[in-house]
Amino acid sequence: MSNSVPESIDSTPPVAPLREGRGRVRLNVAFFTICLATAGMSVLILLLLLWSILSEGLPYMSRTLLTSGPEPVAEEAGIWPALAGTIWVCGLCGLLTLPAGIATAILLEEFRPRGRVGRFSHGLIQLNITNLAGVPSVVYGILGLTAFVGMFGLFHSSSFEIGVTYYDQFFSEGDQAILVPIPHRDAPLTDAADGMLAYDYEMNPIDVNVVDPGDPLPDDEALLDYTLHSDAEAGRIDHRSWYYLRLPFGRGVLAGALTLMLVILPIVIISSQEALRAVPSSLRDGARGLGATPWQVIWNVTLPASIPGIMTGAILAMSRAIGEAAPILIIAGIVYINRAPQHLMDDFTVMPMQIFNWTARPQEEFHGIAAAAIIVLLLILLSFNAVAVWIRQKLQKPLS
Amino acid sequence: MREFFIFAVLVLCALFSVLVTISILGVLVTETWRFFDSDEVTVRGFLFGTQWNPLIGREKHFGIWALISGTMLVTLIAMLIALPLGLITAVYLSEYAPRRVRNVLKPVLEILAGIPTVVYGFFALMTITPVLQWLHDGFNVYNALSAGIAVGILCLPTVCSLSEDALQAVPRALRDGAYGLGSTKFDVSVKVVLPAALSGIISAFLLAIARAIGETMIVALAAGSRARITADPRDDVQTMTAFMVQMATGDVSNFGVEYYSMYAVAFTLFVLTLGLTMIGSIVRRRFREKYE
């Protein structure tokens, strides 16, 4: 017997609640769509970022940008000092960090202690490195400011220097520079005197012609160039050679490199540890079985096997160092640098700093060249990462 | 004999990292001590004051909450973006994505993670802020929302990769068991795998928060330099890190109270991020599920 309750014509089947039956299927599909959309959003964001930078920066890419220094007019400004500064600082930083970081990783991975004290200190160092990896880079900048630039205030300014000569500089009546060497930094200013040792700007020895203030000046042009009044006043200048060093380091390339070393050292250690861990222990055991000492095992077997991983980690750490602006900002401040660094204590700027400098200005053209500088920076980083990927693929030999 | 030498050299290198931590603590603590030692600062004023203007005129206030409020506002906005998006992307990558999509998506996330923070700052100032100003008139040129969005995009890859590692570590047996009981993929992903990987996910969240707190260049460019307590994302705020940049790049006389205030803020920042990192490690280790 059929049920004789008439169904109204436009009744629809009840909607399945989300907890059962077809509702669960719908929930599944809905969630999958959300996941897909979210993942797609990341790609979209990256594309938006790249598009905004390219559209702002490409009109300003030119040879002037790559070869000149910063200028007040945007069209003539360039990134060459920043590029040179980046090469100096990051190259030096890599030279300092890689040995120290790989050595620490070797100690932590290969020389695991068995005693209680040893295990405790091993755990402590490991924990320490993990914590250091999470410290913001500004704090490292502050540490670098105190420890490397100011050396904890232990030295008065420039108390120790090598590689520098001081001169007293006069300007002659013909408007030429005359340089007089002085015995040491704290000597009193020299007075103009006949027969004193003097050089011109190209370091050729010259004879100085000293006249008293009331006497007439010679007419000969060449002689006028080397004529000084006897009461002329000199200014003290210094010539720093390429090996100039001083303590405290001051706001120079060396201090910047050391500070960046603090930033990337934990990263190098952690990635080298993972590379060393990936080497199968059968290789090590085989070498030990053949009679090698522990260090011989590391130097001849483990390290060569883990070089691809270590190199990849090192390149990624260098990429991070190239992009870091905050510690350099704290150390160097905003200074006007218009030439490449000449020695280790020289002032410098790096690419991210220059980008920051230009972006913070109100004029639109500076934003444009900032975007162009970003394009250069991203190209550098892209090539670094491409090299890392290439190394990872090329040198990846099956290890066991 | 040579072995011992080499071992000693390695130990010295390892001790260098310990030396770094000790120096950070030493420098920050001593200079902060000098900060509190000076006449114009009291511990109560620092911890409970709400105004921060060390440079303006005769009235100098050193209440840290103004700066912390700025940091918290930017971090909150960043986490509202990074945590949900990162987690859902991680679930997608771990449970749903076919290999071809993975080969596209993972490099995209790596690129996003590798872009220098100045570039994000530039993006925030040049692109996000004009869009926000077009959407609504009340946005200042420097505002917390655009900086927060940029910081969120910066932290998204971190959340995603760490969460994905945690999700991948859940053994297949759990998933197969759930499928055997008749679950849909959604049930498996959200009701079985996610709770199993929860410790790793929470640790990822904490690390991302620590990263957002310590972010400098984005906020220095886009968030502004007015230290005050506000919850309005349209206002300009100053974070702790932006204040440190302002101090370091301005011409503040050395060894005045303002100079030491930079160290006090750095110390606060260090304590906050260190605390978050350590809690993250503890959570990950203590609450990790034993699957065997």
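Per chain, numbering begins at 1; letters A, B, ... match sequence-line order.
Among all heavy-atom pairs drawn from A:Ile142 and B:Met262, the shortest one is CD1-CG, 3.7 Å. Taking every heavy atom of both residues into account, B:Thr273 and A:Gly134 meet most closely at CB-O, 4.3 Å. Residue B:Ser183 comes nearest to A:Arg24 through the heavy atom pair CA-NH2, 3.7 Å, listed as atom of the first residue, atom of the second, then distance. Residues A:Ile129 and B:Ser17 come closest through the heavy atom pair CG1-OG, 4.0 Å. What you find for B:Cys13 and A:Thr104 is that their closest heavy atoms are O-OG1, 3.4 Å.
No side-chain heavy atom of B:Phe122 sits less than 4.5 Å from a side-chain heavy atom of A:Trp358. Contact check for B:Leu274 versus A:Asn131: side-chain heavy atoms found under the 4.5 Å cut-off. Side-chain contact between A:Val138 and B:Met240: absent, with no pair of heavy atoms (C-beta onward) separated by less than 4.5 Å. Between A:Leu27 and B:Thr184, every side-chain heavy-atom pair lies at or beyond the 4.5 Å cut-off. A:Leu36 places none of its side-chain heavy atoms less than 4.5 Å from the side chain of B:Val101. With a 4.5 Å cut-off on side-chain heavy atoms, B:Ser23 and A:Leu143 count as touching. For the pair B:Phe186 and A:Val29, the minimum side-chain heavy-atom distance is 4.5 Å or more. Two residues are said to be in side-chain contact when any heavy atoms from C-beta on lie closer than 4.5 Å; A:Ile374 and B:Phe123 fail this criterion.
For chain B, the nearby parts of A:Pro294 are the backbone and the side chain; heavy atoms of each come within less than 4.5 Å. With a 4.5 angstrom heavy-atom cutoff, A:Ala371 touches chain B via backbone and side-chain atoms both. Residue A:Ile331: no heavy atom, backbone or side chain, is found under 4.5 Å from chain B. At a 4.5 Å heavy-atom cutoff, B:Ile128 makes no contact with chain A through either its backbone or its side chain. Only the side chain of B:Leu28 comes within contact range of chain A, with at least one heavy atom under 4.5 Å from a heavy atom of that chain. For A:Ala147, no part lies under 4.5 angstrom from a heavy atom of chain B. Contacts between B:Val104 and chain A at a heavy-atom distance below 4.5 Å are absent for every atom of the residue. Interface residue B:Leu85: backbone and side-chain heavy atoms are both found under 4.5 Å from chain A. Interface remark: A:Leu378 contributes side-chain atoms only to the contact with chain B (heavy atom separation under 4.5 Å). Interface residue A:Met261: only side-chain heavy atoms are found under 4.5 Å from chain B. With a threshold of 4.5 angstrom between heavy atoms, A:Phe111 approaches chain B through side-chain atoms but not through N, CA, C or O. Of the atoms belonging to A:Thr38, heavy atoms from both backbone and side chain fall under 4.5 Å from chain B.
When B:Gly86, B:Pro116, B:Gly214 are compared by the number of non-hydrogen pairs under 4.5 Å with chain A, B:Pro116 comes out ahead. For chain B, the option among A:Ile355, A:Leu132, A:Ile125 with the highest count of heavy-atom pairs below 4.5 Å is A:Leu132. When B:Asp187, B:Thr117, B:Val141, B:Thr30 are compared by the number of non-hydrogen pairs under 4.5 Å with chain A, B:Asp187 comes out ahead. Options B:Leu221, B:Val119, B:Val18, B:Thr277 differ in how many heavy-atom pairs under 4.5 Å they form with chain A, and the most are formed by B:Leu221.
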side-chain contact (heavy atoms from CB on, under 4.5 Å) between B:Thr89 and A:Met41, worked out: CA-CA 9 Å; B:Thr89 309; A:Met41 202 176 296; over 6 Å; no
Criterion side-chain contact (heavy atoms from CB on, under 4.5 Å) on B:Thr127 and A:Glu56, from CA distance to verdict: CA-CA 10 Å; B:Thr127 308; A:Glu56 278 247 21; over 6 Å; no
Stepwise side-chain contact (heavy atoms from CB on, under 4.5 Å) check, B:Phe267 with A:Val139: CA-CA 8 Å; B:Phe267 185 55; A:Val139 178; over 6 Å; no
side-chain contact (heavy atoms from CB on, under 4.5 Å) between B:Ile6 and A:Trp299, intermediate numbers included: CA-CA 11 Å; B:Ile6 295 178; A:Trp299 188 249; over 6 Å; no
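Using a 4.5 Å cut-off between non-hydrogen atoms, the part of residues 381-389 of chain A that approaches chain B consists of A:Leu381. Within residues 42-54 of chain A, the residues having any heavy atom closer than 4.5 Å to a heavy atom of chain B are A:Ser42, A:Val43, A:Ile45, A:Leu46, A:Leu48, A:Leu49, A:Ser52, A:Ile53, listed by residue number.
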